[in-house]
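A quick write-up on the structure given underneath.
In what follows, every chain begins at residue 1, and chains take the letters A, B, ... in the order their sequences are listed.
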Protein chains: 2
Amino acid sequence: MMATDSLDARVDEILKSLGRRTTAPRRQVARLLASKRGAFSAESINAELPEVGRATVYRTIRLLAEAGVLCKALLPDGSPRYSIDHSWHHHHLICSSCETVEEFRSSELERLLGELSDEIPGQVLGHQVDFYLTCPNCLQ
Amino acid sequence: MMATDSLDARVDEILKSLGRRTTAPRRQVARLLASKRGAFSAESINAELPEVGRATVYRTIRLLAEAGVLCKALLPDGSPRYSIDHSWHHHHLICSSCETVEEFRSSELERLLGELSDEIPGQVLGHQVDFYLTCPNCLQ
DNA sequence: GCTACTGGTGATACGTAGTATCAATATATG
DNA sequence: CATATATTGATACTACGTATCACCAGTAGC
Ligand SMILES: [Mn+2]
Ligand SMILES: [Mn+2]
Ligand SMILES: [Zn+2]
Ligand SMILES: [Zn+2]
């Protein structure tokens with residue numbers, strides 16, 4: 001897990017590079033995110049930060065997701081879930097039962113997806129692979 | 001594209017096999033779906049069927065999606081889009097600009113995803129692969 | 001450290017998507 | 001045709017996300 005101060009520094013850098021200001025609310029959101037394990041909804045963050053306005057929570061999450069600090073996964077119904085992005089490219093294992101989101105990587109998969117991207121007409125911007133499953137925990 | 005009467009028959013079968021009734025509203029929704037090319041939102045169907053209640057439109061779309069008549073894809077923001085499912089397994093090419101959804105198949109991809117599914121802990125229920133791109137049309 | 005400029009905040013309101021309710025209606029079946 | 005019950009759809013409700021905008025606070029220049 002990322003240390004709080006290390007994420008603080010990373011967020012400071014990103015804000016500076018984007019010409020945005022370092023503010024107390026943004027820091028509070030970032031700190032709470034750093035303490036999270038696994039994926040979470042924007043609403044859950046909002047609920048845990050009553051002293052920060054809802055609009056600001058959503059704006060900050062969007063900002064950090066676009067900056068690459070957060071990674072966004074979609075549950076089967078389309079609900080977004082966010083998690084700290086560790087920079088390396090990965091995909092998601094999503095438990096349909098408890099909605100846990102785990103990371104997943106496969107170099108062989110990336111190689112093939114890259115090849116396919118070259119064959120696809122148009123300009124491929126990215127890809128997303130999700131495995132829907134019942135996680136070991138939910139299998140009892 | 002599937003002929004209207006052929007879809008009618010398929011929907012009749014499915015309703016019967018599920019013990020559900022064949023009703024005029026369900027037929028209207030199914031007929032409209034059969035006339036659609038590409039992917040559409042539930043709201044767009046509702047807008048084109050003022051004589052059918054909104055709840056019924058949503059219920060019918062969900063029913064048909066669960067029965068495998070419709071296939072559900074998620075735009076990058078999580079908005080669901082539906083299209084007639086042609087039974088063969090496929091994935092999606094989603095244009096981030098015009099939100100068009102195209103089908104995509106690769107036996108090599110399926111083979112690899114199958115292998116990976118066996119290695120993943122838990123019981124894999126399915127997978128989803130989306131390529132996000134700018135389609136040839138939107139590249140001008 | 002001030003000041004002014006400007007980006008950020010958050011209460012509020014709004015829009016959309018989807019679902020729960022439930023009285024009225026339509027369908028399947030004998 | 002009569003009955004049992006699945007279905008409908010008007011209404012209301014919830015959740016999520018964003019637009020507004022008066023007020024506030026971070027930042028750069030002095
Ligand atoms: Mn991730
Ligand atoms: Mn499809
Ligand atoms: Zn689980
Ligand atoms: Zn396009």
Among D:dG9, C:dT9, C:dA17, which nucleotide has an atom closest to any side-chain atom of B:V52?
D:dG9
Send over the distance from B:L63 CG to D:dT7 C1', rounded to a whole Å.
12 Å
Just report the end-to-end axis angle for the helix from C:dG1-D:dC30 to C:dG30-D:dC1, five pairs per end, to 10 degrees.
40°
Taking the side chain of A:T56 as its heavy atoms from C-beta onward, which of C:dA13, C:dG10, C:dA17 lies nearest to it?
C:dG10
Just the rounded figure in Å: distance from P of C:dA26 to CZ of B:R27.
16 Å
Intermediate values then yes/no, side-chain contact (heavy atoms from CB on, under 4.5 Å), A:R27 and A:D12
CA-CA 9 Å; A:R27 214 176 276 282; A:D12 277 7; 3.3 Å; yes
Do the side chain of A:R81 and the main chain of A:G38 share a donor and acceptor less than 3.5 angstrom apart?
no
Atom CD of A:E43 and atom P of D:dG17 are separated, to the nearest Å, by 7 Å
Could you walk me through whether A:E108 and A:R111 satisfy the side-chain contact (heavy atoms from CB on, under 4.5 Å) test, starting with their C-alpha distance in whole Å, then the side-chain angles of each, then the deciding distance to 0.1 Å, before giving a yes or no?
CA-CA 5 Å; A:E108 199 179 348; A:R111 186 194 50 72; 4.0 Å; yes
Taking side-chain contact (heavy atoms from CB on, under 4.5 Å) as the criterion, tell me which of A:I84, A:D85, A:L63, A:T60 meets it with A:L70.
A:I84
Using a heavy-atom cut-off of 4.0 Å across all strands, would you classify A:R26 as base, sugar-phosphate, or nothing?
sugar-phosphate
If I take atom CG in residue B:L15 and atom P in nucleotide C:dT27, what distance separates them, rounded to the nearest angstrom?
13 Å
Among pairs that include at least one residue of residues 50-63 of chain B, which meet salt bridge (charged side-chain N to carboxylate O under 4.0 Å, His left out), considering only residues two or more places apart or in two chains?
B:E43-B:R54
Encode nucleotides 19-27 of chain D as B, S and - characters from 5' to 3', where the letter depends on protein heavy atoms closer than 4.0 Å: B to the base, S only to sugar-phosphate, - to neither.
------BBS
Is it true that the side chains of A:H91 and A:E110 contain a donor and an acceptor less than 3.5 Å apart?
yes
Roughly how many Å is it from CG in A:D77 to P in C:dT16, rounded to a whole number?
20 Å
With a 4.5 Å heavy-atom cut-off, do A:V101 and A:S83 have their side chains touching?
no
What I want to check is whether an N or O donor and acceptor connect the side chain of B:R54 with the base of D:dG9 at under 3.5 Å.
no
What closest approach, in Å, do A:A30 and A:V11 show between heavy atoms, and which atom pair accounts for it?
CB-CG2, 3.9 Å
Could you give the CD1-to-C1' distance, from B:I61 to C:dT19, as a whole number of Å?
14 Å
In terms of ring plane angle, is the pair A:H86 and A:W88 parallel, tilted or perpendicular, where the classes change at 30° and 60°?
parallel
A:F40 CZ to D:dC16 C1': how many Å, rounded?
16 Å
Atom-pair distance (CD on B:E66; C1' on C:dT19), nearest Å:
14 Å
Within the structure, does a side-chain N or O atom of B:Y58 lie under 4.0 Å from either OP1 or OP2 of C:dG18?
yes
